[in-house]
Chemist: 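Below you'll find the structure I mean.
Index from 1, following the sequence. Keep in mind that what you see is a predicted model, and the values were worked out from it rather than measured.
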Amino acid sequence: MPKLIVSIDGVVVKEYQLIKDRSTIGRRPYNDVVIDNLAVSGEHAVVQMVDGRAVLEDLGSTNGTYVNGKAIKKQELAHDDTIEVGKYKVKFVDGDTMSAPVSLPGAGLSVPMGVDVGFGPEATGPRVRVLNGSAAGRELPLTKVVTTIGKPGLSVASITRRVHGFDLAQVEGTHVAAVNGVAVDAGPITLKNRDQIDLGGIRLEFVDR
C-alpha cells in the first residue's frame, strides 16, 4: 500500500498509509496528515488516488507545494518523489515497490515481502547480515530503493539507496537504531562496509562488497 513518510532535517516524524481516496495535508488537526508548522497552510495539499495512481494537488497554499524541488499545482506522484511543504519533506513510497514486512524466522526481524533471505556465503553486492540469534549468518540483499527492516513497535529503520551509497534512518519504534553505537536520532547515517547496526537488540552487519 502506498504511504507518505514525513521528515524534517532528515528525521522521520510520522508515516501515513494512503488508504483513502482523498488524503489531505495541512496544519489544521482535521487533516489526514497534520504538519503543525506556521509555514504550512490550514489545508495545504491533497493526495487523491485515481485508478491506482496517486495525484498531488496544491490547495491554494500560501507558500506553495513542491515536488523534487519544483513548484506544482497538480502532479502525479512516482515512487520516491519528495514533496516539500514548509520545512518538512514528505516522501511518497509506492506500495508496489515497498511491500509490507514479514517475519524472518528465528530473528524476530521483519524484512520486505518477497525478498530471499536464505543466501549463503557466496552472496555478493550490498546486503545486511544477521549477527545474533538463531538466524545468525542469514543475509538480506539490498536490491530495492528503500528497504525497511526491524521489529515493529520496538525499532524499525529504513535503508535507502543514494548516489553516494546507503543511508540508514529511523522510521518508528521506542528503541532508536544505532550504527557502531551511534544513535540515528540526529538524522540518517551513511553506511560503510562492515558497519554494525543495532535494531532493538538485533545486531546486523552492513556489507557492500
Side-chain angles (χ1 to χ4, degrees), residues 1-102 110-114 144-150 152-153 155-163 167-174 176-177 184-188:
M1 181 174 294
K3 69 168 69 173
L4 300 175
I5 301 175
V6 184
S7 64
I8 183 169
D9 297 329
V11 179
V12 174
V13 293
K14 67 181 69 177
E15 288 191 22
Y16 176 78
Q17 293 199 342
L18 296 171
I19 58 177
K20 298 166 61 177
D21 291 337
R22 187 178 188 276
S23 301
T24 57
I25 302 170
R27 193 175 73 253
R28 301 298 182 192
Y30 53 75
N31 287 283
D32 297 293
V33 182
V34 179
I35 301 178
D36 188 13
N37 183 273
L38 291 177
V40 179
S41 296
E43 287 190 20
H44 197 101
V46 61
V47 178
Q48 299 186 75
M49 301 303 296
V50 182
D51 297 327
R53 298 175 295 114
V55 179
L56 174 71
E57 182 177 358
D58 182 79
L59 295 176
S61 63
T62 302
N63 295 311
T65 301
Y66 295 77
V67 175
N68 302 328
K70 296 182 180 180
I72 64 99
K73 290 298 181 184
K74 189 173 185 178
Q75 180 173 316
E76 181 177 342
L77 296 172
H79 173 70
D80 218 29
D81 273 351
T82 298
I83 306 163
E84 296 173 48
V85 287
K87 294 183 178 181
Y88 285 76
K89 293 186 177 180
V90 184
K91 178 171 288 189
F92 172 73
V93 179
D94 192 313
D96 292 333
T97 305
M98 187 176 177
S99 303
V102 294
S110 292
V111 299
M113 187 177 298
K144 295 178 178 291
V145 175
V146 181
T147 299
T148 53
I149 192 166
S155 183
V156 177
S158 64
I159 301 176
T160 303
R161 183 190 297 269
R162 306 287 189 191
V163 174
D167 284 354
L168 182 126
Q170 182 76 8
V171 173
E172 62 95 7
T174 55
V176 178
V184 300
D185 52 354

Chemist: Around R53, counting heavy atoms of other residues, nucleotides and ligands shown, do more than 12 lie under 6.0 Å from its CZ?
Modeler: yes
Chemist: Of all heavy-atom pairs between L59 and E43, which one has the smallest distance, and what is that distance?
Modeler: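 Nearest pair, atom of L59 first, then E43: CB-O, 3.6 Å.
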Chemist: Taking side chain as C-beta onward, heavy atoms only, is L4 less than 4.5 Å from K91?
Modeler: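 Contact flag for L4/K91 side chains = no.
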Chemist: So, does Q170 use its side chain to make a donor-acceptor pair with the main chain of A177 at under 3.5 Å?
Modeler: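 It does hold such a pair.
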Chemist: Using 0.5 Å steps for rounding, measure from the OH atom of Y88 to the CG atom of D36.
Modeler: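 So the OH of Y88 and the CG of D36 are separated by 7.5 Å.
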Chemist: Do P188 and R162 have side chains that get closer than 4.5 Å, going by heavy atoms?
Modeler: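 Counting from C-beta outward, P188 and R162 never come under 4.5 Å.
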Chemist: With distance as the sole test, does D32 use its side chain to make a donor-acceptor pair with the main-chain N or O of T24 at under 3.5 Å?
Modeler: yes
Chemist: So, do Y16 and V6 sit near enough that their side-chain heavy atoms are less than 4.5 Å apart?
Modeler: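 Contact flag for Y16/V6 side chains = no.
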Chemist: Looking only at non-hydrogen atoms, find the nearest pair between M49 and P2 and report the distance.
Modeler: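 Heavy atoms of M49 and P2 come nearest at CE-CG, 3.9 Å.
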Chemist: Indicate yes or no: at least one non-hydrogen side-chain atom of Q48 is less than 4.5 angstrom from one of V46.
Modeler: yes
Chemist: Is the shortest side-chain heavy-atom distance between V176 and V184 below 4.5 Å?
Modeler: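 With C-beta onward as the side chain, the pair touches.
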Chemist: By the definition side-chain contact (heavy atoms from CB on, under 4.5 Å), identify the one residue from D94, T82, I72, I83 that meets it with L77.
Modeler: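 Per the side-chain contact (heavy atoms from CB on, under 4.5 Å) rule, the option paired with L77 is I83, out of D94, T82, I72, I83.
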Chemist: Of all the heavy-atom pairs spanning D58 and H44, show the shortest one and how long it is.
Modeler: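 Where D58 meets H44 most closely, the heavy atoms are OD1-O, 3.5 Å.
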Chemist: Hey, could you give me the OG/CD distance between S23 and Q17, rounded to the nearest 0.5 Å?
Modeler: 11.0 Å
Chemist: So do the side chains of L56 and D81 get within less than 4.5 Å of each other, counting heavy atoms only?
Modeler: no
Chemist: Looking at N31 and G42, would you say the former's side chain and the latter's main chain have a donor-acceptor pair under 3.5 Å?
Modeler: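 Yes, the answer is positive, given that a donor and an acceptor are paired below the 3.5 Å cut-off.
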Chemist: More than 12 foreign heavy atoms under 6.0 Å from NZ of K14: is that the case here?
Modeler: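 Yes, enclosed.
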Chemist: Passes side-chain contact (heavy atoms from CB on, under 4.5 Å), F92 versus L18? Steps please.
Modeler: CA-CA 10 Å; F92 172 73; L18 296 171; 3.7 Å; yes
Chemist: Does A39 offer a backbone N or O that forms a donor-acceptor pair with the side chain of K87 under 3.5 Å?
Modeler: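 Flag not set: sc K87 to bb A39 has no pair under 3.5 Å.
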